[in-house]
Amino acid sequence: MRRARRPSVLGLVLLPVPLLAVVGALSFAGGSGGRRWFGGRGESQRAEAQAAKDAAAAAFYELDTAQRDLRISIETITAVDDSPAARRTAADFSALGQRIDQVSRDYITAVDAHDLDRDDLDGATASRARADLTRAKDALERTKADLDRFAQGLGPLLEQAETRLARLAPAVERARQALLAASNALDAVRASGLRADDLAARLAALSPELTKLNQGAGQHGVQETLRRADDVLRRAEAVRGEAERLPERAAEIDKRLVSLRTRAQAITTRAAGVEPVLSELRRRYSAACWQDLQPVPAQAARDVAQAEEKLKEAQAAREGQRWPDATALLATVRALLNSTDEAVSAAGDRLRRLDEVSYDQQKEIERTRFAIRDAQRLAMAGRSTPDPRHARPLDDAVERLDRAIAGLEGRHPDWWHFLSETEAVRQTVARVVQEIREERGGPH
């Protein structure tokens, strides 16, 4: 409704006195359709409705502000956390948002439905407006209280998210610095004459990752950027570390090449002495004592020749700066020389042991019997009868030793079989002792 037009001040001054008196009388009259300018029941109801409107507006503003602030917190959480708890929180906030939208629409509807500035606003309409606006305010305040309680429960998730955000810039910077350090280390290695092509290739592979780091979390997400920064840091530090160790690695390979060549030569010299040892074994002992050693000289020659060939390949790999190949070839050479060394040593050791036992077999017998008796005492400790699980293998060991001793009778005893049997008996006894101690919780 259009507001009634008031006469201008100039017009009132020029009006005749009776007309002015009429206007004054109308202004203070309580006739229907006229607005009370100076107090009265209608103005009081209008004021109450306006107060309800102002209170509802304040509640609407507080709820809107709280929602905006909380949305920032939710966005912070979802940007760095994809856990079930974070997803559930985002869903709960979305549901709260729908409630906020509804009470906000109800508030706006209540405001639009009542024009409190109308000149012809009557008391009943003002009362309805006050009631509607009060209901809207109460709904807004209840929703605000629920929103506040929801916000209070976000503490742990928000703190964790903010911690990750705080890590973002330092993590990216550390990754950049690691790449720079790796590049500098690689340059230093190349300046010393080492190519380090594999390290250069690994460093070049990190270039696209650096580009993505520079594009930032806005494009790739906080969580993914943190993961990428940690990955780049780890890989760059690995390249830097290997680059810094490369001169030492090259020197170590050079040292191993010299050492293994010297060892191969020494084994070749020692292998030449195996044949005289075999001759002595054949002359003094039965065939069973030396037949298994017959292939040693030929096998040693083949192994040493193969080791020397691998050494040449390792040298070529070193000169080509193919470090993994050189390292692998040197490991092969070492394994070949170890096995050859053991075979060559076995012949001399065999002759020594056979000489000792043929001169005094009683020493070997007593050594073995002592081990059996010691195990038997342990098995009987604290018991009136031994556990069959322990007694049976010990009894078998006694019988096996007796058979080995009986086998020495005759003109040409198999001393090597005797030594092998006594060694096997002692190993069996040692296993029984180990089992007893483990069961009783004693020292192994």
So, are [X] and [Y] salt-bridged, with charged N and O less than 4.0 Å apart?
X: R245; Y: E248; result: no
X: K144; Y: E141; result: no
X: R228; Y: D231; result: no
X: R135; Y: D132; result: yes
X: K137; Y: E62; result: no
X: E280; Y: R284; result: yes
X: D230; Y: R227; result: no
X: R322; Y: D198; result: no

Quick check: do [X] and [Y] have side-chain heavy atoms less than 4.5 Å from each other?
X: L179; Y: V239; answer: no
X: D414; Y: L408; answer: no
X: I74; Y: L154; answer: yes
X: L140; Y: D106; answer: no
X: L194; Y: R249; answer: no
X: E242; Y: R202; answer: yes
X: L419; Y: L354; answer: yes
X: R99; Y: L147; answer: no

Donor-acceptor check, side chain of [X] to backbone of [Y], threshold 3.5 angstrom: yes or no?
X: S207; Y: L203; answer: no
X: S192; Y: V189; answer: yes
X: S339; Y: L336; answer: yes
X: S94; Y: A90; answer: no
X: E209; Y: V232; answer: no
X: E252; Y: P247; answer: no
X: R426; Y: R369; answer: no

Next item on the list: Output, in order, the C-alpha distance, side-chain angles, deciding distance and verdict of salt bridge (Lys or Arg N to Asp or Glu O under 4.0 Å) for K53 and E48.
Entry: CA-CA 9 Å; K53 180 179 179 180; E48 291 173 356; over 6 Å; no
Check: Yes or no on side chain to side chain donor-acceptor pair (under 3.5 Å) for Y285 and D355, after CA distance, side-chain angles and deciding distance?
Finding: CA-CA 10 Å; Y285 297 101; D355 286 346; 2.5 Å; yes
So does [X] have more than 12 non-hydrogen atoms from other groups sitting under 6.0 Å from [atom1]?
X: R176; atom1: CZ; value: yes
X: R392; atom1: CZ; value: no
X: K310; atom1: NZ; value: no
X: R68; atom1: CZ; value: no
X: E173; atom1: CD; value: yes

Nearest-0.5 Å distance that lies between atom [atom1] in [X] and atom [atom2] in [Y]:
X: C289; Y: H417; atom1: SG; atom2: NE2; value: 10.5 Å
X: L213; Y: E224; atom1: CG; atom2: CD; value: 9.5 Å
X: D402; Y: E421; atom1: CG; atom2: CD; value: 12.0 Å
X: D148; Y: F150; atom1: CG; atom2: CZ; value: 12.0 Å
X: I267; Y: L337; atom1: CD1; atom2: CG; value: 4.5 Å
X: K363; Y: E356; atom1: NZ; atom2: CD; value: 6.5 Å

Notebook entry, point to check: Distance under 6.0 Å and angle within 45° of the ring axis: does R350 meet both against W416?
Noted result: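 Cation-pi check for R350 and W416: passes.
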Note to self: My understanding is that only one of V274, L281, V277 makes a side chain to side chain contact (heavy atoms under 4.5 Å, CB included) with L293; could you say which?
What the structure shows: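 That would be L281; it is the only one of V274, L281, V277 passing the side chain to side chain contact (heavy atoms under 4.5 Å, CB included) with L293.
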Note to self: Can you give me the closest heavy-atom contact between A185 and A243, atom names plus distance?
What the structure shows: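 Where A185 meets A243 most closely, the heavy atoms are CB-CB, 4.0 Å.
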Check: Which heavy-atom pair separates A110 from A136 by the least distance, and what is that distance?
Finding: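 Result for this residue pair: CB-CB, 4.5 Å.
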Notebook entry, point to check: Have Q315 and R318 got a donor and an acceptor in their side chains that come within less than 3.5 Å?
Noted result: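 Short answer, no.
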Check: Between N214 and L210, does a side-chain contact (heavy atoms from CB on, under 4.5 Å) hold up when you go through it step by step?
Finding: CA-CA 6 Å; N214 290 333; L210 177 61; 3.8 Å; yes
